[in-house]
Structure formats: C-alpha cells, structure tokens
Amino acid sequence: MDDFQLTITPLQPAALPSEETVIAAGNRLIESTSTWKQGKTYHINVKTCHRPKSPADGAPWHCRISEHPPAEATFDQLWAKLGEDKALNEKEFIPEIKEVIKLKEVSPTASIWALYYTFTPPVSPRVFTVIQIRRLDTTSAKRRGMIVSLPIDLSGPEDKKLAALEPEGVRGRYVAVETITELDNGNTEWRMATSSTPGGIIPSFVVETTMNSKIADDVPHFMTWLRQLPK
C-alpha cells in the first residue's frame, strides 16, 4: 500500500493497514515538510510551516520544528515521554486534555486511545480517538523516533465494546506525525505535523488561523513539565 496517505478520514480498526505501511506514509509526510510554506517563529525557537488542503486531504496541514540542546532536553528524555505512553504524558502538559483512556493495545508498538478535551464555553468538549503507532530507528549513526497518530472509527458492530469506553463529547478528528531526531551538532530536533477538524459547528477557518501558534505552545508546555519531573 505505497499509495496510503495520512488524512483525517477515520479508519475502522479492521481496515487499518500494516504498521510498516503507516510508518512509511509518516516518513513521506514528514520529509515533505521541508518544502512547505514557512510561517511564524514562536517562543524564540519554534518554527512553523504549513501546506494547503490538497484533493486527498480532509483539512490543511500544519507543522512545527524545534531544536533542543542536551541541557534542555536529550533524545532519551524526549523519546521516553513522547514515544512511550504518549497520550498519557500529553495529558500532563497539554491543558485542554482532561482525560485519556487506553482502549486497546493492538501490538507492542501500537495502541488505541481516546482523548477527552475541554475548552472555554460555549465550545463543547471534544473526543479524539486515535491509534498511535511508534518506531525507534537505531540502525543509523543518529537515532530517530517516530509516532504516527491516525483517527479511528469505532462505530462498527465489531467495535461496540471499545466504543462503550469512549467518553461522551463531540467527535473531533486529527492525524499527526511526530519525529524525534538526533542531530550532528549534538542537539535533538522535535518535529510535528498535523491535520485536524474539531467537529461540531466550529468554522474551520477559526481553527486554521490559530493552529500554528497553538501547536507551537506545546513545546514550552512540555519543557516546563519536563523540568518539574523528579530527577
């Protein structure tokens, strides 16, 4: 399935391609971000870029890139918190995530999660159900970890038990590719590209105009949380 593309269109668990296919699509997507239109830089070192919605996409794509010296965060620290139980850890540093439920462990490197977000009224709570697939590549001189999140649809009769575990809320959807990469200068690059829709009646242009700044905020939130953890 070399033509498999990452989009916000949800997939039923039985229709998921192989993990290798998903990771390959993630590699193609993240490599293409070097050609996307540059956006603003936030928090001094968080660069952003974006690309418009293509015929195959359900929504535009946004990306952030940050580089971190070992004194701020090492590769091992980033991968330990983003490559392992990513959804659980995100709840600790993303203020809008109030509840995270692990619905199913599909394999040692893939799990289905439900994430419950709350927002300032009158915006209703949102539920995002995703499968997160991770790979750590240690075959090269510089290590690289990748996490791909795909939206999951649990409306089928065979998934009734999993669907019963999902929190109540408006169904949103997002797809994301995140990479943690060792650089030649000794620093670590953290890159994340995402496409999403909040669902409900929120106009898409309202979300799109703030997306770059919103995803950029996750970097200082994570670093603040990391510094507060027990050594």
Atom pair [atom1] ([X]) and [atom2] ([Y]), whose distance is rounded to the nearest 0.5 Å:
| X | Y | atom1 | atom2 | value |
| --- | --- | --- | --- | --- |
| Leu154 | Lys104 | CG | NZ | 10.0 Å |
| Met146 | Thr181 | CE | OG1 | 8.0 Å |
| Tyr116 | Glu168 | OH | CD | 9.0 Å |
| Glu99 | Tyr117 | CD | OH | 13.0 Å |
| Phe93 | Thr224 | CZ | OG1 | 11.0 Å |
| Leu226 | His68 | CG | NE2 | 10.0 Å |

Restricting to non-hydrogen atoms, name the atom on [X] and the atom on [Y] that form the minimum distance, rounded to 0.1 Å.
| X | Y | result |
| --- | --- | --- |
| Lys91 | Ile97 | CG-O, 3.7 Å |
| Phe75 | Thr188 | N-OG1, 3.3 Å |
| Ala114 | Thr129 | CB-OG1, 4.0 Å |
| Arg51 | Ser32 | NH1-OG, 4.1 Å |
| Ile30 | Val177 | CD1-O, 3.7 Å |
| Asp184 | Lys142 | OD1-CE, 3.4 Å |

Taking atom NZ of Lys102 as the centre, does the number of heavy atoms from other residues, nucleotides or ligands within less than 6.0 Å exceed 12?
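Count over threshold, so yes.
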Take atom CG in Leu229; do more than 12 heavy atoms of anything else shown fall under 6.0 Å from it?
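Yes, the 6.0 Å shell around CG holds more than 12 heavy atoms from other groups.
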Using a 3.5 Å distance criterion without hydrogens, assess whether the side chain of [X] forms a donor-acceptor pair with backbone atoms of [Y].
| X | Y | answer |
| --- | --- | --- |
| Ser107 | Ala110 | yes |
| Lys98 | Pro95 | yes |
| Asp57 | Ser54 | yes |
| Arg126 | Ser124 | yes |
| Ser213 | Thr210 | yes |
| Ser195 | Pro60 | yes |

Measuring only between side-chain heavy atoms, which start at C-beta, is [X] closer than 4.5 Å to [Y]?
| X | Y | answer |
| --- | --- | --- |
| Glu67 | Leu183 | yes |
| Glu208 | His62 | yes |
| Trp61 | Thr33 | no |
| Val170 | Pro125 | no |
| Thr9 | Pro151 | no |
| Glu182 | Glu189 | no |
| Arg144 | Thr179 | yes |
| Ile8 | Tyr174 | no |

Do [X] and [Y] pair up side chain to side chain, a donor and an acceptor below 3.5 Å, judged on atom types alone?
| X | Y | result |
| --- | --- | --- |
| Glu19 | Thr109 | yes |
| Ser18 | Thr21 | yes |
| Asp76 | Thr74 | no |

Cluster check [X], [Y]: I/L/V/M/F/W/Y, side chain < 4.5 angstrom:
| X | Y | answer |
| --- | --- | --- |
| Trp79 | Ile65 | no |
| Met211 | Leu115 | yes |
| Ile147 | Val219 | yes |
| Leu165 | Val127 | no |
| Val130 | Ile215 | yes |

Apply the test side chain to side chain contact (heavy atoms under 4.5 Å, CB included) to residues Val148 and Ile23: give CA-CA distance (whole Å), side-chain angles for both, the deciding distance (0.1 Å), then the verdict.
CA-CA 7 Å; Val148 179; Ile23 292 297; 4.1 Å; yes
Charged N to carboxylate O below 4.0 Å: is that the case for [X] and [Y]?
| X | Y | value |
| --- | --- | --- |
| Arg64 | Glu178 | yes |
| Arg134 | Glu84 | yes |
| Arg173 | Asp153 | no |
| Glu72 | Arg227 | no |

Determine whether Asn89 and Trp225 satisfy the following criterion, side chain to side chain contact (heavy atoms under 4.5 Å, CB included), listing intermediate values before the conclusion.
CA-CA 10 Å; Asn89 290 321; Trp225 171 68; 3.7 Å; yes
Would you check if the distance from the ring center of Phe222 to the ring center of Trp190 is below 6.0 Å?
yes
Assess whether side chain to side chain contact (heavy atoms under 4.5 Å, CB included) is satisfied between Arg191 and Cys63, documenting all intermediate values.
CA-CA 7 Å; Arg191 183 178 295 247; Cys63 179; 3.9 Å; yes
Could you give me the CA-CA distance, side-chain angles and deciding distance for Glu96 and Lys214, then say whether salt bridge (Lys or Arg N to Asp or Glu O under 4.0 Å) is met?
CA-CA 11 Å; Glu96 292 83 4; Lys214 190 63 181 173; 2.6 Å; yes
Stepwise, does the side chain to side chain contact (heavy atoms under 4.5 Å, CB included) test hold for Leu103 with Trp113?
CA-CA 5 Å; Leu103 302 180; Trp113 300 84; over 6 Å; no
With side chain to side chain contact (heavy atoms under 4.5 Å, CB included) as the test, pick out the partner of Ser66 among Thr41, Val46, Asn187.
Val46
